[in-house]
Asks: 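Mind looking over this structure? Questions follow.
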Protein chains: 2
Amino acid sequence: MATPLDRPQPRFYVNCPTRPILDQIADKWSMMVMTVLEEPTRFNEIKRQLEGVTQRVLTQTLRRLERNGMIQRRILETTPVGVEYSLTPLGRSFREPFVRLYEWTLENSDEITRMQADYDARSAG
Amino acid sequence: MATPLDRPQPRFYVNCPTRPILDQIADKWSMMVMTVLEEPTRFNEIKRQLEGVTQRVLTQTLRRLERNGMIQRRILETTPVGVEYSLTPLGRSFREPFVRLYEWTLENSDEITRMQADYDARSAG
DNA sequence: CAGTATCCTGGGGGATACTG
DNA sequence: CAGTATCCCCCAGGATACTG
């Protein structure tokens with residue numbers, strides 16, 4: 001037999017479909033954008049909420065999220081022109097499990113920091 | 001006023017505590033390791049499940065997860081020596097919201113791929 | 001088996017300047 | 001306001017070889 005039962009195939013092989021997707025929508029900046037976009041928000045307002053991001057990187061992140069169907073881009077007929085970003089239904093459904101992960105991290109950040117200190121102390125010996 | 005109510009502080013400022021943590025435990029390979037480690041597993045078995053990972057990167061990933069309290073490392077008294085990795089209670093509690101995110105991605109990967117194609121077609125115009 | 005040790009490369013992302 | 005356009009740097013992670 002080529003693939004006997006007692007020798008299971010890799011579960012997370014190179015072409016696992018989740019990998020390229022999560023690379024695109026769950027990276028550092030995308031996470032923050034998705035969390036901020038609870039309601040429609042303009043470019044510079046997002047930028048302000050994500051203190052530390054550059055225009056270039058924010059633009060890239062927004063394009064990527066738009067391409068993956070997570071957010072919508074809408075041009076406002078103001079002067080000067082404005083652009084508003086908002087979650088799509090798909091993005092909203094993604095946001096649920098996503099925010100749960102975020103909140104878990106927030107709740108457990110102290111505990112994790114403690115574990116890191118313990119580990120480093122042990123390593124230092 | 002330094003911080004008036006109509007000009008809220010950034011919610012995801014540079015030192016947001018979740019950022020360095022998620023960088024360490026929710027990156028590409030960590031995600032896969034956490035998903036594989038439903039039960040205690042030995043080094044090379046993990047490596048087989050994650051086809052594509054190099055020894056070096058897997059070792060780094062395991063060390064990082066251990067340092068952050070997600071997994072435990074246990075040496076087996078076999079010949080030659082074996083090492084078994086397993087989730088800690090903290091890691092197990094992380095795994096829950098985490099796997100939900102993974103499953104969402106699996107369920108929606110086709111839809112997302114479609115959105116990407118649509119976007120690219122529009123862009124090509 | 002479960003790791004180190006080296007070397008190397010791509011691209012994510014920061015800094016900065018310019019524009020419709 | 002909401003972006004491009006350049007330049008540059010760092011390091012995650014791949015390839016490969018060696019080992020207690």
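Throughout, a chain's letter reflects where its sequence line sits, starting with A, and its residues are numbered from 1.
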Asks: F98(B): which residues meet the ring pair (Phe, Tyr, Trp, His ring centres under 6.0 Å) condition with it, sequence neighbours left out?
Replies: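 Residues passing ring pair (Phe, Tyr, Trp, His ring centres under 6.0 Å) with F98(B): F94(B).
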
Asks: Does W104(A) have R95(B) sitting over its ring (NZ/CZ under 6.0 Å from centre, angle to axis within 45°)?
Replies: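 Ring-cation test returns no.
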
Asks: Between E84(B) and R73(B), does any side-chain N to carboxylate O distance fall below 4.0 Å?
Replies: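 Judged by the 4.0 Å cut-off on N to carboxylate O distance, E84(B) and R73(B) do not form a salt bridge.
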
Asks: Would you mind telling me which of V99(B), L87(B), I25(B), T61(B) makes a side-chain contact (heavy atoms from CB on, under 4.5 Å) with M34(B)?
Replies: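 Passing option: L87(B).
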
Asks: May I have the distance from E45(B) (atom CD) to dG3(C) (atom P), rounded to whole angstrom?
Replies: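 Atom CD in E45(B) sits about 15 Å away from atom P in dG3(C).
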
Asks: Could you state the atom-to-atom distance from CD1 of I46(A) to P of dC1(D) in whole Å?
Replies: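 Result: 13 Å.
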
Asks: Report yes or no: do S123(B) and D120(B) form a side-chain donor-acceptor pair below 3.5 Å?
Replies: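 Checked: S123(B)/D120(B) side chains show no N/O donor-acceptor pair below 3.5 Å.
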
Asks: Please report, rounded to the nearest Å, how far the C1' atom of dG13(C) is from the CZ atom of R63(A).
Replies: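 About 17 Å, once rounded to whole Å.
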
Asks: R100(B): which residues meet the side chain to side chain donor-acceptor pair (under 3.5 Å) condition with it, sequence neighbours left out?
Replies: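 Testing R100(B) for side chain to side chain donor-acceptor pair (under 3.5 Å), a comparison that skips the adjacent residues, returns none.
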
Asks: If a pair means Watson-Crick or G-U wobble with both distances below 3.5 Å, what does DNA chain D look like in dot-bracket form, with | marking bases paired to a different strand?
Replies: ||||||||||||||||||||

Asks: In terms of side-chain heavy atoms of R42(B), which of dC1(C), dG14(D), dG3(D) is nearest?
Replies: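 Nearest to the side-chain atoms of R42(B), counting from C-beta on, is dC1(C).
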
Asks: Hydrogens and angles aside, do T113(B) and D110(B) bring a side-chain donor and acceptor to less than 3.5 Å of each other?
Replies: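 Not at all, the side chains of T113(B) and D110(B) share no donor-acceptor pair under 3.5 Å.
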
Asks: Atom CZ of R64(A) and atom P of dG13(C): how far apart are they, to the nearest Å?
Replies: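 In whole Å, dG13(C) P and R64(A) CZ are 7 Å from each other.
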
Asks: Go through the structure and list residues passing ring pair (Phe, Tyr, Trp, His ring centres under 6.0 Å) with F43(A), not counting sequence neighbours.
Replies: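 Per chain and number, F43(A) pairs via ring pair (Phe, Tyr, Trp, His ring centres under 6.0 Å) with no residue.
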
Asks: How close or far is atom P of dT4(C) from atom NZ of K47(B), stated in whole angstroms?
Replies: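 From K47(B) NZ to dT4(C) P: 15 Å.
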
Asks: Any idea which heavy atoms bring V81(A) and R42(A) closest together, and the distance?
Replies: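 Nearest pair, atom of V81(A) first, then R42(A): O-NH2, 4.4 Å.
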
Asks: Could you check how far NZ of K28(B) sits from C1' of dG11(C), rounded to whole Å?
Replies: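 Checked: the NZ to C1' distance equals 12 Å.
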
Asks: For nucleotides 16-20 of chain C, list the nitrogen or oxygen atoms of the protein found under 3.5 Å from its nitrogen or oxygen atoms, one pair per line.
Replies:
none

Asks: Look at the side-chain N and O atoms of Y85(B) and state whether any lies under 4.0 Å from the OP1 or OP2 oxygen of dG3(C).
Replies: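 It does, given that an N or O in the side chain of Y85(B) lies less than 4.0 Å from OP1 or OP2 of dG3(C).
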
Asks: Is the closest basic N to carboxylate O distance between E111(A) and R114(A) below 4.0 Å?
Replies: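 Between R114(A) and E111(A) there is a salt bridge, with a charged N closer than 4.0 Å to a carboxylate O.
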
Asks: Provide, to the nearest angstrom, the distance between the CD atom belonging to Q60(B) and the C1' atom belonging to dT4(C).
Replies: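 It works out to 11 Å between those atoms.
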
Asks: Check the distance between dG13(C)'s P and M31(A)'s CE and give it to me in whole angstrom.
Replies: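 Answer to the nearest Å: 13 Å.
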
Asks: Could you check which residues of residues 66-78 of chain B get a heavy atom under 4.0 Å from DNA chain D? Sort them by number, please.
Replies: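 Hits under 4.0 Å, by residue number: none.
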
Asks: Using a strict cut-off of less than 4.0 Å between a Lys/Arg side-chain nitrogen and an Asp/Glu carboxylate oxygen, indicate whether R67(A) and D118(B) qualify as a salt bridge.
Replies: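 Between D118(B) and R67(A) there is no salt bridge, as every charged N stays at least 4.0 Å from the carboxylate O atoms.
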
